[in-house]
Each structure stands twice: as C-alpha cells, then as structure tokens.
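Before any comments, here is the structure.
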Amino acid sequence: MLAACVALGATACGRHVYLGKLADSGAPADTGAPADTGAPPDGGAQILWRATFEPGDLSEWLSDGNGGIYMDALATAPVATRDVAHRGSYSGIATFAPVTITSWSYLYREQPSPPDAYYGAWFFIPTSLQVRSWLSLHHFGYHRTAGSTETTPLFDFNVYPGTDGTLFAHLFDPVTVSNTDQASPVPVPVAKWVHFEIFLHKAADTTGRITIWQDGVQILDITNKVTAPTEWIQWDAGGGSNDIAPSPASVYLDDATISLTRVGVGQ
C-alpha cells in the first residue's frame with residue numbers, strides 16, 4: 001500500500017462507519033477483559049467469537065453491538081451470499097470499487113479484544129480479479145478515545161502480485177509507509193479458500209508482536225512493535241484496493257474467529 005489516505009492511512013480517511021444495532025444478548029458489561037461467550041473450545045482452540053454466515057445474514061457480526069460495517073462511499077456493504085461457501089451454505093461477500101482512490105468494504109469487530117488474541121478468517125479470491133497493486137483482506141485500527149467513530153490505521157494485511165501475477169502476502173505499516181515481506185514468499189491461491197490467521201499481542205510500547213499464518217503455515221513474525229496505542233482496537237475483515245480489475249470487485253470471507261489460542265485450518 002502507498003501512503004496516507006490512498007492507502008487507508010489517515011485518521012478516519014473519509015470512511016463511513018455503520019455500527020451494528022445493540023441487541024439484548026445478556027452479555028456482561030464491557031470491562032476490557034476477554035469475553036466469556038460460552039462457546040466450547042473447538043479443536044483445542046478457545047474461541048471467544050465466531051461468525052459462519054449460516055444465519056443467512058450479518059447478525060453474528062452486528063447483533064451484540066460490538067461490530068459493524070466499515071466502508072467508503074464507493075463500496076457496497078457486505079452481505080451474506082450463497083455464491084460460494086467454505087462450509088455450509090453461506091459466506092460473506094465484500095464489494096468495493098476503486099477508481100482513482102482507494103475503496104474498501106469490511107465487516108469489523110471491536111470486542112472481544114483481549115491482550116493476546118488470534119484473529120482469523122477464510123478468504124476466497126475469484127480468478128476474475130486482477131490485483132494490480134494490493135488487495136487488503138485484514139485491517140487493524142484503533143480509536144483514540146472510547147466511543148469515537150474515527151479510526152486510525154495500525155496495519156494492513158495485503159496480498160500483492162509478483163512479476164508473473166502470482167499473489168503473495170505481506171504486512172503494510174501506514175506509519176512508516178513500508179511493507180514487511182516474507183523471506184520466502186508463499187503463493188496465495190485463487191479460486192480456492194485460504195485461511196489467514198493473525199496473532200496480535202497488544203502493546204502501547206515496542207513490546208508488541210504480530211504473527212501471521214497462511215493455511216496453518218507461519219509466514220510472518222514481527223516483534224518490537226507498537227500494536228495498540230489505546231485499548232480501543234478495531235479489526236476489519238473484507239476487501240479493499242486502489243487498483244484492481246474489474247471494478248467493482250468482490251472477495252468472499254467465511255468462518256471468522258477471535259480466539260485465545262490459534263484456531264488453524266481445522267475449524
């Protein structure tokens with residue numbers, strides 16, 4: 001990604017934030033502690049939150065008031081679809097339309113947000129997509145104050161084309177305007193579900209850590225980094241780009257999780 005607003009790199013950056021409606025879920029008041037959702041450990045993972053899209057809507061993301069839709073004016077809000085699914089009948093589809101500026105369409109979660117957590121989702125990139133610069137799939141930001149609708153970017157997890165068009169993944173830092181690339185880049189498949197999982201150790205100083213797995217294989221491990229300038233972190237999953245064809249473009253996501261331990265590809 002490139003600098004400033006073009007790369008989702010300025011505060012708020014003209015984004016439109018649509019909060020989910022607060023439902024009476026019986027959840028305890030937010031204390032900043034890891035949420036106990038009652039979800040049983042699955043495959044050894046301590047999953048705090050999960051979204052499968054199987055209700056046929058976005059209720060898993062929105063209904064508790066801790067998530068929403070994060071998009072620009074050119075994008076289409078994510079919806080549940082039967083086009084393709086990782087498992088079951090539904091997935092989510094995020095549609096965005098870059099012209100001369102970046103466009104993005106994400107679903108987001110602000111809770112649960114423990115000090116150490118694994119954020120994962122399955123993605124499906126259609127063969128019809130031509131990524132000409134980068135395609136953002138995971139985006140992390142933070143709010144400077146509690147309840148603020150302005151989001152300052154922390155980092156983007158992007159895929160980008162190699163010289164032959166093969167896609168690879170790296171991490172973009174909007175502060176330094178630089179990418180952290182893999183030492184031995186692993187190709188990202190298209191027309192096939194791929195799982196990306198990100199471990200985030202929150203820290204307001206340079207003790208933070210970001211570790212990323214692609215289909216269960218560790219591809220990046222970044223240490224000594226500020227990862228949470230405040231407690232109010234926002235995780236986004238969906239799609240965004242500044243140069244992609246066709247436009248509008250769509251990517252699919254499914255089986256998203258926030259967990260205390262690594263979920264991996266068995267979920």
Side-chain angles (χ1 to χ4, degrees), residues 1 4-5 7-25 27-37 46-51 58 60-72 77-78 104-121 136-157 171-176 197-212 222-238 240 256-260:
M1 294 176 99
C5 197
L8 311 183
T11 300
C13 200
R15 291 183 170 196
H16 297 252
V17 181
Y18 301 89
L19 297 175
K21 294 181 180 179
L22 180 62
D24 181 11
S25 62
D30 178 18
T31 62
D36 180 8
T37 64
Q46 299 178 47
I47 297 173
L48 302 176
W49 172 87
R50 182 199 301 268
L58 304 181
E60 296 161 311
W61 291 83
L62 308 181
S63 65
D64 66 355
N66 291 319
I69 294 169
Y70 201 21
M71 56 184 278
D72 74 294
W104 62 91
S105 178
Y106 295 117
L107 289 162
Y108 75 82
R109 291 293 296 180
E110 293 177 331
Q111 292 291 335
S113 182
D116 296 282
Y118 296 77
Y119 300 82
S136 171
L137 299 175
H138 288 278
H139 176 78
F140 283 78
Y142 70 96
H143 304 292
R144 296 181 185 274
T145 58
S148 172
T149 58
E150 290 190 347
T151 305
T152 300
L154 277 171
F155 60 88
D156 276 276
F157 176 76
L171 196 75
F172 173 75
D173 185 332
V175 176
T176 61
E197 190 166 16
I198 299 177
F199 169 73
L200 179 69
H201 170 62
K202 292 163 64 175
D205 57 19
T206 55
T207 60
R209 184 172 188 171
I210 300 167
T211 309
I212 303 173
I222 302 163
T223 58
N224 305 318
K225 186 175 182 65
V226 175
T227 56
T230 71
E231 284 297 311
W232 304 291
I233 299 299
Q234 178 176 306
W235 165 55
D236 310 332
T257 53
I258 301 174
S259 177
L260 293 178

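Heavy atoms only: backbone and side chains are in, while hydrogens, waters and symmetry mates are out. FYI, the numbering just counts along the sequence from 1.
- The two residues D116 and H201 have their closest heavy-atom pair at OD1-ND1, 2.6 Å.
- Between E110 and W232 there is no side-chain heavy-atom pair separated by less than 4.5 Å.
- The shortest non-hydrogen separation linking G68 to L62 is CA-CD2, 3.2 Å.
- Within the 4.5 Å cutoff, the side chain of P153 has heavy atoms near those of the H139 side chain.
- Two residues are said to be in side-chain contact when any heavy atoms from C-beta on lie closer than 4.5 Å; I69 and L58 meet this criterion.
- For the residue pair L137 and Y106, the shortest heavy atom distance occurs at O-CE2, 4.2 Å.
- Checked by atom type, the side-chain pair D156/S136 shows a donor-acceptor distance below 3.5 Å.
- Residue R50 comes nearest to T257 through the heavy atom pair CG-CG2, 4.0 Å, listed as atom of the first residue, atom of the second, then distance.
- Under 3.5 Å, the side chains of K225 and T207 contain no donor-acceptor pair of N or O atoms.
- Side-chain contact between L171 and I222 is present, with heavy atoms from C-beta onward closer than 4.5 Å.
- Between E60 and L107, every side-chain heavy-atom pair lies at or beyond the 4.5 Å cut-off.
- At a threshold of 4.5 Å between non-hydrogen side-chain atoms, the residues R209 and T227 do not count as touching.
- Residue S113 is tested with K202, Q234, E231 for a side chain to side chain donor-acceptor pair (under 3.5 Å); the sole match is K202.
- Separation of atoms CG (L200) and OH (Y118) is listed at 11.0 Å; rounding is to 0.5 Å.
- Each of Y142, F172, F140, Y119 was checked for a ring pair (Phe, Tyr, Trp, His ring centres under 6.0 Å) with F155, and the lone residue meeting it is F140.
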(Q) Let's go through T151 and Y70 carefully: what are the C-alpha distance in whole Å and the side-chain angles of both, what is the deciding distance for side-chain hydrogen bond (donor to acceptor under 3.5 Å, both in side chains) to 0.1 Å, and is it a yes or a no? (A) CA-CA 10 Å; T151 305; Y70 201 21; 3.1 Å; yes
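- Ring geometry, W49 versus W235: the interplanar angle exceeds 60°, so the pair is classed perpendicular (tilted spans 30 to 60°).
- For I258 against A117, the heavy-atom pair with the smallest separation is CG2-CB, 4.3 Å.
- Side chains of I212 and I210 form a contact here, defined as non-hydrogen atoms less than 4.5 Å apart.
- For the pair P229 and L154, the tightest heavy-atom approach, listed with the atom from each and the gap, is CD-CD2, 3.5 Å.
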